[in-house]
Amino acid sequence: MSENKAPKLDFIRTIVATDIANDKNDSRLVTRFPPEPNGYLHIGHAKSICLNFGLAEEYEQGVCHLRFDDTNPAKEDTEYAEAIKEDVKWLGFDWGDNLFYASDYFDQLYDYAVQLIEMGKAYVCSLNAEEVREHRGTLTEPGKDSPYRDRTVAENLQLFTAMKNGEHEEGSHVLRAKIDMASPNMNMRDPAIYRIRKLDHHRTGDKWCIYPMYDFTHCLSDATERITHSLCTLEFADHRPLYDWFLDVLQTRDHPQQIEFSRLNLTYTVMSKRKLMQLVQENMVNGWDDPRMLTISGLRKRGYTPASIRDFCKIIGISKRDSSTDMGILENCIRNDLNPIAPRRMGVLKPLKIVITNYPEDQEDEIICKNHPKDEGMGTRTVTFGRDIWIDRDDFMEDPPKKFFRLGPGREVRLRFAYLVTCDEYIKDENGEVVELRCTYDPESRGGSAPDGRKVKGTIQWVSVKHGLDCEVRLYDRLFKSENPEEDKDVDFKENLNPDSLQVLTNCKIEPSIANTKVDEQIQLERVGFFCLEARTSTPDSIVLNRTVTLRDNWAGKQGTKTPKMNKK
RNA sequence: UGGGGCGUAGUUCAACGGUAGAGCACAAGGUUUUGAUCCUUGGCGUUGUAGGUUCGAAUCCUACCGCCCCAGCCA
């Protein structure tokens with residue numbers, strides 16, 4: 001933890017610190033996280049959550065609201081809102097009493113709209129959607145005024161009321177702000193502020209058939225909640241003049257400051273809700289919480305901890321540059337978090353049987369194993385050793401290179417915490433595949449060190465054939481095979497899906513103590529990676545493990561021969 | 001070709017007029033009964049380009065170049 005290091009403030013924190021020092025907003029600090037409940041939260045939202053809630057935590061007077069931006073009944077649902085609350089909580093943040101919905105403000109927003117009309121700053125436009133588009137002009141040409149732009153206040157009021165009362169069809173009218181059709185900023189060309197939608201809203205039911213637009217709703221919700229700093233992503237920078245316009249014209253008591261920062265991009269994945277939704281709906285993944293998804297719920301299922309995600313958000317920082325963060329950084333964060341706290345266990349993913357020929361048939365050994373190599377406080381456990389042992393297939397090579405520190409014909413290796421064994425022969429089946437090793441052990445090497453002091457470089461994990469448990473292990477890899485799946489506009493991003501992103505191993509062997517692992521508890525399988533229980537599928541009788549992340553493997557990189565890992569570059 | 005935003009090591013970010021730094025990545029050592037962890041050490045940049053102001057510029061000015069965003073009755 002770098003808590004004590006000189007805190008380098010990002011540009012937003014610098015602004016906030018300055019504002020507080022200058023007693024702006026009476027030194028209040030109120031931020032908000034404003035998700036639309038139309039999908040699940042992902043790691044990009046985590047960045048925003050950590051910024052908004054994190055900032056509030058950094059100041060004694062700081063407060064962060066959770067506000068649902070639920071102004072579009074066609075897309076939103078309570079299911080999403082509930083999932084979002086759970087995710088924010090899980091990340092470790094607390095909105096206290098400050099849970100709001102933009103829909104809570106519908107009455108007030110309606111009044112504001114009426115005020116705008118009365119001021120002559122808004123009008124009901126009866127152009128259809130296509131006509132509106134034609135009147136809007138282009139990036140380089142100014143728009144044309146709507147023929148309805150000069151309706152009288154009385155007429156506008158009457159029409160708007162009729163809209164509210166459901167007397168008009170969807171699409172027949174829209175309430176627009178009267179600003180400037182020639183503005184170089186498209187957002188200022190008389191933007192729509194209310195549209196007719198004869199749809200039930202997940203919270204207000206059938207009370208409304210007109211719904212306010214984002215630009216109108218957001219700034220006024222912020223002002224109503226007395227938000228001081230309204231943080232959003234870069235694409236809203238062009239909306240800021242409009243944000244300010246509404247608040248200025250309506251002379252709200254408070255005028256929050258909108259500040260934009262760049263959104264998070266990660267290599268080997270996609271971040272847009274629309275695309276994530278597509279993966280879910282087309283069954284390319286198993287739901288929003290598929291461990292390969294970079295959703296909060298997916299990461300949770302994968303075994304990521306809230307602390308690791310918060311650490312990640314801290315490390316990547318805040319700026320206004322378009323950037324793409326290496327997936328390896330995220331992985332590094334979870335390794336760092338888990339390494340000191342995850343108890344070590346032994347497991348074999350691809351079992352290969354070895355028979356220790358000079359070990360008595362019915363003999364057993366109770367081997368004491370440390371739960372953590374550096375933390376004595378984590379205690380020990382006992383694992384039973386016997387004549388028949390599983391080791392990992394990858395830990396044997398028929399014709400190993402010199403620097404292969406594991407098993408090969410005539411080579412000696414240490415079975416972790418147990419004995420030194422030497423491979424005398426290997427047995428192949430009719431397909432030429434190695435199916436069993438015959439080894440001899442050094443009875444004097446109990447615990448793993450030789451009495452004569454000879455050095456044995458390699459140590460491998462093992463599981464007793466008699467005592468080990470069967471287990472299913474799910475290995476996850478990056479969801480996409482290309483660093484930027486969206487790079488080529490002519491290629492559907494789904495073409496870049498990694499076909500091997502999920503590998504299910506059903507014949508794994510694990511030491512019995514793993515049966516006691518609890519949901520939400522991470523373990524490290526030594527030399528393999530960090531794992532957690534597959535909460536939905538795993539039972540004490542039929543264990544299923546999810547691999548959170550591999551251990552770092554410098555050797556694989558040097559060899560260039562092993563299967564690529566997510567962190568390989 | 002209108003408007004807005006952004007260009008600093010491989011990457012993510014600092015430095016806000018005074019010899020360009022950090023994390024991650026990378027490389028080389030050491031420790032190690034996990035090829036993990038941990039500890040040392042190392043290099044990495046014509047600060048997008050070209051001018052200008054200044055004793056001094058990543059920082060200020062000018063021009064140019066490149067990338068991103070905006071023409072939903074989405075957020």
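So that the names make sense, note that chain A is the first sequence line, chain B the second, and so on, each numbered from 1. As the structure is a prediction and not an experimental result, all values here were calculated from the model.
Other residues, nucleotides and ligands contribute at most 12 non-hydrogen atoms within 6.0 Å of the CZ atom of A:Arg263. Annotation for A:Glu366: atom CD counts as buried by contact number, over 12 foreign heavy atoms lying within 6.0 Å.
Using a 4.0 Å heavy-atom cutoff across all strands shown, A:Thr138 reaches at least one base atom of the nucleic acid. A:Ile318 comes within 4.0 angstrom of the backbone, heavy atoms only, and of no base. Residue contacts for A:Asn128: at a heavy-atom cut-off of 4.0 Å it reaches a base atom on one of the strands shown. Within 4.0 Å (heavy atoms only), A:Gln524 reaches at least one base atom of the nucleic acid. Among the heavy atoms of the strands lying under 4.0 Å from A:Pro373 is at least one base atom, whether or not backbone atoms are also near. Contact annotation for A:Phe261: no contact, since no heavy-atom pair falls under 4.0 Å across all strands. Among the atoms of the strands shown, only primed sugar atoms or phosphate atoms (P, OP1, OP2) are found under 4.0 Å from some heavy atom of A:Thr71. Within the nucleic acid shown, A:Lys370 has no heavy atom closer than 4.0 Å to any nucleic acid atom. Residue contacts for A:Ile316: at a heavy-atom cut-off of 4.0 Å it reaches the sugar-phosphate backbone alone, with no base atom in range. Within the 4.0 angstrom heavy-atom criterion, base atoms lie near A:Arg416. Within the 4.0 angstrom heavy-atom criterion, base atoms lie near A:Phe236. Contacts of A:Lys273 with the nucleic acid, taken as non-hydrogen atoms under 4.0 Å apart, are absent. Looking at heavy-atom distances under 4.0 Å, A:Leu242 makes no contact with the nucleic acid at all. Among the atoms of the strands shown, base atoms are found under 4.0 Å from some heavy atom of A:His239.
Annotation: B:rU54 and B:rU41 have their C1' atoms spaced 40 Å apart (nearest Å). The separation of B:rU1 from B:rA71, taken at their C1' atoms, amounts to 15 Å, rounded to a whole angstrom. Annotation: B:rU47 and B:rG10 have their P atoms spaced 12 Å apart (nearest Å). Rounded to a whole angstrom, the distance from the C1' atom of B:rC44 to that of B:rU49 is 22 Å. B:rG5 and B:rU46 have their P atoms separated by 27 Å, with the value rounded to a whole Å. B:rG43 and B:rC38 have their C1' atoms separated by 23 Å, with the value rounded to a whole Å. For the C1' atoms, the distance linking B:rU12 with B:rC26 amounts to 15 Å, nearest Å. Spacing of P atoms, B:rG48 relative to B:rC13, comes out at 15 Å, to the nearest Å.
Nearest nucleotide to the A:Thr459 side chain, out of B:rA71, B:rA75, B:rG35: B:rG35. Which of B:rC24, B:rC73, B:rG2 sits closest to the side chain of A:Ile329 comes down to B:rC24. Comparing atom distances between the A:Phe405 side chain and each of B:rG23, B:rG4, B:rG35 picks out B:rG35 as nearest. With B:rG35, B:rC6, B:rG72 as the choices, the nucleotide that has an atom nearest any side-chain atom of A:Arg133 turns out to be B:rG72.
Expressed to the nearest 0.5 Å, how far OG1 of A:Thr269 lies from CZ of A:Phe493 amounts to 9.5 Å. Once rounded to the nearest 0.5 Å, the distance linking CD1 of A:Ile341 with CG of A:Asn336 reads 11.0 Å. For the atom pair A:Glu444 CD and A:Ser449 OG, the distance stands at 11.0 Å (nearest 0.5 Å).
Contact between the side-chain N/O atoms of A:Ser319 and the OP1/OP2 oxygens of B:rC13 is found at a separation under 4.0 Å. OP1 or OP2 of B:rG35 has not a single side-chain nitrogen or oxygen of A:Arg552 nearer than 4.0 Å. Distances shown here put a side-chain N or O of A:Arg195 below 4.0 Å from the OP1 or OP2 atom of B:rC74. At B:rA36, one or more side-chain N or O atoms of A:Asn554 fall inside 4.0 Å of OP1 or OP2 (strictly under the cut-off). The shortest distance between the side-chain N/O atoms of A:Arg136 and the OP1/OP2 oxygens of B:rC73 is below 4.0 Å. Close to B:rA25, at under 4.0 Å from its OP1 or OP2, lies a side-chain N or O of A:Asn332. Residue A:Ser323 places at least one side-chain N or O under 4.0 Å from the OP1 or OP2 atom of B:rC13. The side chain of A:Arg345 places no N or O atom within less than 4.0 Å of a non-bridging phosphate oxygen (OP1 or OP2) of B:rU34.
Looking at heavy atoms from C-beta onward, A:Arg13 lies in side-chain contact with A:Leu51 at the 4.5 angstrom threshold.
Stacking is not found between A:Tyr214 and the pyrimidine-like six-membered ring of the B:rA75 base under the 5.5 Å centre-distance and 30° plane-angle cut-offs.
Using a 4.0 Å cut-off between a side-chain N of Lys or Arg and a carboxylate O of Asp or Glu, A:Arg527 and A:Asp392 do not qualify as a salt bridge. A salt bridge is absent between A:Asp394 and A:Arg406; no separation between the charged side-chain nitrogens and carboxylate oxygens falls under 4.0 Å. Ionic pairing of A:Glu225 and A:Arg32 is not present here: no N-O contact between side-chain nitrogen and carboxylate oxygen is shorter than 4.0 angstrom.
At whole-Å resolution of the value, CG in A:Asp375 and C1' in B:rU34 are 16 Å apart. With rounding to whole Å, A:His135 atom NE2 is found 14 Å from B:rC73 atom P. With rounding to whole Å, A:Asn336 atom CG is found 13 Å from B:rA25 atom C1'. Atom-to-atom, CD1 of A:Ile523 to P of B:rU34 comes out at 18 Å; the value is rounded to the nearest Å. Between the CD1 atom of A:Ile334 and the C1' atom of B:rC24 there is a distance of 16 Å, given to the nearest Å. Spacing between atom CD of A:Glu134 and atom P of B:rC73 amounts to 13 Å, rounded to whole angstrom units.
Checking side-chain atoms of A:Trp208 against main-chain N and O of A:Lys164 turns up no donor-acceptor pair under 3.5 Å.
Near-neighbour residues of RNA chain B inside residues 181-192 of chain A, defined by a heavy atom below 4.0 Å, number-ordered: A:Pro184, A:Met186, A:Ala192.
Results of the side-chain contact (heavy atoms from CB on, under 4.5 Å) test with A:Thr71 over A:Phe106, A:Phe216, A:Tyr101 single out A:Phe106 as the only residue that passes. For the salt bridge (Lys or Arg N to Asp or Glu O under 4.0 Å) criterion with A:Asp190, the lone passing option out of A:Lys178, A:Arg149, A:Lys144, A:Arg136 is A:Arg149.
In this model, no side-chain donor or acceptor of A:Asp553 finds a partner on the base of B:rG35 within 3.5 Å.
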| task | Let me see the working for A:Tyr243 and A:His239 under ring pair (Phe, Tyr, Trp, His ring centres under 6.0 Å), right down to the final yes or no. | result | CA-CA 6 Å; A:Tyr243 184 106; A:His239 295 241; over 10 Å; no

| field | Worked check of side chain to side chain contact (heavy atoms under 4.5 Å, CB included) between A:Arg176 and A:Ser146 | value | CA-CA 10 Å; A:Arg176 292 225 252 168; A:Ser146 162; 3.7 Å; yes

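Stem analysis of RNA chain B (at least three stacked-register Watson-Crick or G-U pairs, each with both distances under 3.5 Å) gives B:2-7 with B:65-70, B:10-13 with B:21-24, B:26-30 with B:38-42, B:48-52 with B:60-64.
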